[in-house]
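First up is the structure itself, then whatever we jot down about it.
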Amino acid sequence: MEFLKAKTILTKVKYGKDWYGIDYNMNLYRGCSHGCIYCDSRSQCYHIENFDSVKGKENALFILEKELSGKKEKGVIGIGSMSDPYNPLELEYEQTRGALKLILKYGFGVSIDTKSDLILRDIDLLKKINENNNVIVKFTITTPKDELSKKIEPHVCMTSKRLEAIKKLSDKGIFVGIMMNPVLPFLTAKEEDIKELVKLAYEHGAKFIHTFMSMTLRENQRDYYFQKLDKHFFGLKEKYQKFYGNRYNCPIPNSKKIYKIFIKECQKYGILYDMTEIIQTYKKERKESEQLSLF
């Protein structure tokens, strides 16, 4: 793996109160090998060349420890916003596992975005971090159908494997759920598929599902997405071009109606969907467990 020079690993964020309650953000890798046809991180504005080739950051754990040791606020660190921390190279290099050890050592919490069941390797660390601070794990799942997930997310474990990972994490007391983002117009936006995914989430112990009922399309991302549509879903590109033109934000058709159906299904199964409630609940759960331990 190629390593890039890095001056810093940890970044203080201002949007955290509105996005899973994170206080800091970090990406230990640059680029991603999952090959998801819709990935916004391909966009030109992020300046990531050869996006499908994963690169590490030189002395990442050394830099991270230096930064963590100097922080007074023991907040929640978001991992994986731009590059999945559990890409296949993580098996060999263990950058993410090393970072979790440091997060545990210095008493921080963690918020992880992933599509990989490799995260199960680190249940031991997640449980220990959860004893002292907040832990939330978010699996991106876009479709309940394995065959479709193989086409739109070709180099990562299929939906059923991600759901199994959610069940195992949930059974170990980890607050885990689903980011149903993006929702792909004309592909993953069917009412029956969304209902099925909510039901599967409930059956596998997911505590929440968050969605915008839309996708983004801009610059390089749009070109790549349309190429893949031509390959796997002939004729669909033209439908997108006619319906959305060059729009950046592309909500699914009948988004308000479908979102109401989604909310009704979540309420039926007791699954959280509102961002504020998701944040309050996963942080409240730890506070309640701390209070119980006092008795």
Lys/Arg-Asp/Glu bridge criterion (N-O < 4.0 Å) met for [X], [Y]:
| X | Y | value |
| --- | --- | --- |
| Lys151 | Glu147 | no |
| Lys138 | Asp113 | yes |
| Arg218 | Asp223 | no |
| Asp117 | Arg162 | no |
| Lys167 | Asp171 | yes |
| Lys128 | Glu131 | no |
| Lys199 | Glu203 | yes |

Is the shortest side-chain heavy-atom distance between [X] and [Y] below 4.5 Å?
| X | Y | result |
| --- | --- | --- |
| Glu58 | Leu4 | no |
| Val183 | Ile258 | no |
| Asp23 | Val13 | no |
| Leu229 | Tyr240 | yes |
| Lys231 | Phe226 | no |
| Cys32 | Phe51 | yes |
| Leu126 | Ile119 | yes |
| Lys101 | Leu125 | yes |

Legend entry - Stepwise side chain to side chain contact (heavy atoms under 4.5 Å, CB included) check, Ile278 with Ile136: CA-CA 10 Å; Ile278 293 169; Ile136 181 171; 4.0 Å; yes
Would the distance check show the side chain of [X] and the main-chain N or O of [Y] forming a donor-acceptor pair, the cut-off being under 3.5 Å?
| X | Y | value |
| --- | --- | --- |
| Glu90 | Gln95 | yes |
| Lys264 | Tyr259 | no |
| Gln221 | Thr216 | yes |
| Asp84 | Lys115 | yes |
| Ser255 | Pro251 | no |
| Asn50 | Ser53 | no |
| Thr159 | Pro144 | no |
| Ser111 | Ile22 | no |
| Arg42 | Asn220 | no |
| Arg222 | Asn246 | yes |

Please check if [X] and [Y] belong to a single hydrophobic cluster, counting links between Ile, Leu, Val, Met, Phe, Trp and Tyr side chain heavy atoms closer than 4.5 Å.
| X | Y | result |
| --- | --- | --- |
| Tyr24 | Leu28 | yes |
| Tyr86 | Met1 | yes |
| Tyr224 | Met82 | no |
| Tyr29 | Leu61 | yes |
| Leu163 | Ile174 | yes |

Would you give the length of the straight line joining atom [atom1] of [X] to atom [atom2] of [Y], rounded to the nearest 0.5 angstrom?
| X | Y | atom1 | atom2 | result |
| --- | --- | --- | --- | --- |
| Lys168 | Leu120 | NZ | CG | 5.5 Å |
| Ile9 | Ile79 | CD1 | CD1 | 11.0 Å |
| His210 | Tyr273 | NE2 | OH | 11.5 Å |
| Phe108 | Leu64 | CZ | CG | 9.0 Å |
| Leu10 | Lys66 | CG | NZ | 13.5 Å |
| Asn254 | Glu191 | CG | CD | 10.0 Å |

Legend entry - Within the 6.0 Å centroid threshold, strictly below: Tyr20 and Tyr282: no
Inset, instruction - Please find out if less than 6.0 Å separates the ring center of Phe175 from that of Phe208. - result: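 Ring centres of Phe208 and Phe175 closer than 6.0 Å.
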Can you tell me if [X] and [Y] form a side-chain donor-acceptor pair at under 3.5 Å?
| X | Y | value |
| --- | --- | --- |
| Ser33 | Asn87 | no |
| Thr11 | Asn25 | no |
| Thr188 | Asp193 | no |

Shortest non-hydrogen contact from [X] toward [Y]:
| X | Y | result |
| --- | --- | --- |
| Ser116 | Cys157 | CA-SG, 4.1 Å |
| Gly109 | Ile103 | O-CG2, 3.9 Å |
| Tyr225 | Tyr38 | CD1-CA, 3.9 Å |
| Ile271 | Ala201 | CD1-CB, 4.0 Å |
| Phe139 | Ile166 | CD1-CG1, 3.5 Å |
| Cys250 | Leu217 | SG-CD1, 3.9 Å |

Please check if atom [atom1] in [X] has more than 12 non-hydrogen atoms from other residues, nucleotides or ligands closer than 6.0 Å.
| X | atom1 | answer |
| --- | --- | --- |
| Tyr202 | OH | no |
| Lys12 | NZ | yes |
| Lys237 | NZ | yes |
| Lys74 | NZ | yes |

Inset, instruction - Begin from the C-alpha positions of Leu100 and Ile112 and carry the test side chain to side chain contact (heavy atoms under 4.5 Å, CB included) through to its verdict. - result: CA-CA 10 Å; Leu100 290 177; Ile112 299 177; 4.2 Å; yes
Inset, instruction - Let me see the working for Leu148 and Ile152 under side chain to side chain contact (heavy atoms under 4.5 Å, CB included), right down to the final yes or no. - result: CA-CA 6 Å; Leu148 182 55; Ile152 62 179; 4.2 Å; yes
Legend entry - Residue of the set Leu197, Val198, Ile141, Thr142 for which side-chain contact (heavy atoms from CB on, under 4.5 Å) holds with Met180: Leu197
Inset, instruction - For the pair Ser43 and Asp40, evaluate side chain to side chain contact (heavy atoms under 4.5 Å, CB included) and give the outcome as yes or no after the intermediate values. - result: CA-CA 6 Å; Ser43 300; Asp40 178 68; 3.3 Å; yes
Inset, instruction - Examine Lys55 relative to Phe3 and say whether NZ or CZ is less than 6.0 Å from the centre of the six-membered ring and inside a 45° cone about the ring axis. - result: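 No, cation not above the ring by the 6.0 Å, 45° rule.
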Legend entry - Residues which pass side-chain hydrogen bond (donor to acceptor under 3.5 Å, both in side chains) with Ser170, listed by chain and number, not counting sequence neighbours: Lys207
